[in-house]
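Read the structure below first, then the notes.
Computed over heavy atoms, backbone and side chain alike; hydrogens, waters and symmetry mates excluded. Every number for a ligand or one of its atoms is a count from 1 in the order of the listing. Residue indices begin at 1 and follow the sequence shown.
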Amino acid sequence: MQSIEMNPEAAVANLTRRSWAEPWKVKVVEPLKMTSLSDRKKAIAEAGYNTFLLRSEDVYIDLLTDSGTNAMSDSQWASMMMGDEAYAGSVNFYHLEEAVQKYYGYRYVVPTHQGRGAENLISRILIKPGDFVPGNMYFTTTRLHQELAGGTFVDVIIPEAHDPASEHPFKGNVDLAAFERLIEKVGARKIPYITIGATVNMAGGQPISMANLREVSALAHKHGIRVILDATRAVENTYFIQQREAGYAQKPVATILKEFCSLSDGCTMSGKKDALVNIGGWLALNDADLCDEARNLVVVYEGLHTYGGMAGRDMEAMARGIVESVQDAHIRARIGQVEYLGQKLISWGIPIVRPVGGHAVYLDARAFYPQLTQDEFPAQTLAAELYENSGVRAMERGIVSAGRDPESGKNRYPKLELVRLTIPRRVYTQAHMDVTAESVLDLWQQRKTVKGLKMVYEPKYLRFFRARFERL
Ligand SMILES: *Cc1c(COP(=O)(O)O)cnc(C)c1O
């Protein structure tokens, strides 16, 4: 990739640095429909100014999510013909088990249809009503399963995670004092485990350091509390450890990943992210009795313990995806592309959440549109404007996503109004990133004349998916 010039110091630094490029070439292409401004105006109005309601065929560059939107390799596609679709004991399960054991290091593997399937199993096994489950910031499905099992989630992430301007290199770290205070307050017997997200999605794809996880693990284990990793983007997390933490610069990410996972007792995994597939997940554990319970439950909720809701071919593609995902050249290009887009926007003075995270760039919509009140939906407006401007689809993360307080029925007013540009793995080129960045720049230059939206339809649950708006 071309290095980009941000400021004089960075430009000088870049003279000593060579460009890099993706470790793959394109073999199959998926044509995209090219649309005109008037096509897009019509499409976004019909979608009620909600990017979730657009038809995918009307989208040019789809940055809605990195979940299940990965491009598979030729080896993964070839493996789709190697599916052993036997009901029990599929050879593809054993390949998946071997890959998880080899690269993540856990002893036992229970396949699930995707990440939330694994979250359901572990929550049901370990949480009793009245228990507390600390974690480094909540994730939607993770917290919901903990609550459905009768637990209460307690956020113990460091305060810097909530500050978009903080440049802390490991904003996903656990506040050890907060974790210790919770243990003192409720007692270790009421804390079955701590969930560690790596990277932390809701904080903007921010990593946790090896040193912090080591301390968390020591404190938890001293009190008989288990550590369960949300390993969804753990490979991306280990890349940040390699880049930022002393002592890891010379180690391959595969080596760092194994050390990282060894500090936990098990993990839940959404293969739709790091593992380079479109569907799949797993629960991994080191304890034989817990694994036995998980195998009992997986039969109820997912499928037999050797397929867990997946086709054999999907397990094979995931097994191969795991191997590809821990290659240094792959992960550098993956995160490098996110960084490229983020640095380009920073160099133009466009306000984004910093440091740039592992899977997405977040635009600060409040800084774009200070003339809009939060009730005029600045982030929803910016996402709609972006689509109209260039056909790039992003996602609102602000007052619409935050929803209403279930008790008072009043709107929640989150501190942040963000628009998330999430980069799928191995899907788009540097030119797509340039088109995206230039469209954002165009909106930044026109920001003063923009008016907001009003909500004209509000669904009862998770309103951001289907709410409809009109221009003010
Ligand atoms: C996506 C995701 C999940 C849930 O996984 P699904 O495969 O969507 O069910 C859990 N945790 C994190 C951090 C995620 O990003």
Any nitrogen or oxygen of G280 lying under 3.5 Å from a nitrogen or oxygen in ligand 1? Just yes or no. no

What residue and atom, counting heavy atoms only, is the protein's closest point to atom 4 (C) of ligand 1, and at what distance? T141 OG1, 3.6 Å

List ligand 1 atoms under 4.0 Å from R116, heavy atoms only on the residue side. 5 (O), 6 (P), 8 (O), 9 (O)

Look at atom 12 (C) of ligand 1 and find which of T140, N201, D230, D66 reaches it with the closest heavy atom. D230

Heteroatom proximity flag, T199 to ligand 1, N/O under 3.5 Å: no

side-chain hydrogen bond (donor to acceptor under 3.5 Å, both in side chains) with H359: of T199, T232, N201, T422, only one passes, and it is N201

In terms of residue, atom name and distance, what is the protein heavy atom nearest to atom 7 (O) of ligand 1? S270 OG, 2.7 Å

Could you check whether atom CZ of R466 has more than 12 heavy atoms from other residues, nucleotides or ligands sitting under 6.0 Å from it? no

Considering both backbone and side-chain atoms of R233, is one of its nitrogen or oxygen atoms within less than 3.5 Å of a nitrogen or oxygen in ligand 1? yes

Closest to atom 14 (C) of ligand 1 among K273, E119, H145 (heavy-atom distance): K273

Verdict with supporting geometry, Q380 and Y49, side chain to side chain contact (heavy atoms under 4.5 Å, CB included): CA-CA 8 Å; Q380 189 78 29; Y49 298 91; 5.5 Å; no

Got a donor-acceptor contact below 3.5 angstrom from the S217 side chain to the R214 backbone? no

Please tell me if the side chains of Y106 and L285 come closer than 4.5 Å, counting only heavy atoms from C-beta onward. no

Provide, to 0.1 Å, the distance between atom 3 (C) of ligand 1 and the closest protein heavy atom, together with that atom's residue and name. F139 CE2, 3.4 Å

Is the positively charged end of R397 above the ring of F464, judged by distance under 6.0 angstrom from the centroid and angle within 45° of the axis? yes

Spell out, as yes or no, whether a donor-acceptor pair under 3.5 Å connects the side chain of R233 to the backbone of P207. no

Which of the atoms of ligand 1 are close to K272, meaning less than 4.0 Å from one of its heavy atoms? 7 (O)

Specify the protein heavy atom at minimum distance from atom 6 (P) of ligand 1: its residue, its atom name, and the distance to 0.1 Å. Q114 NE2, 3.3 Å

Under 3.5 Å side-chain donor-acceptor pair for R124 and Y301: yes

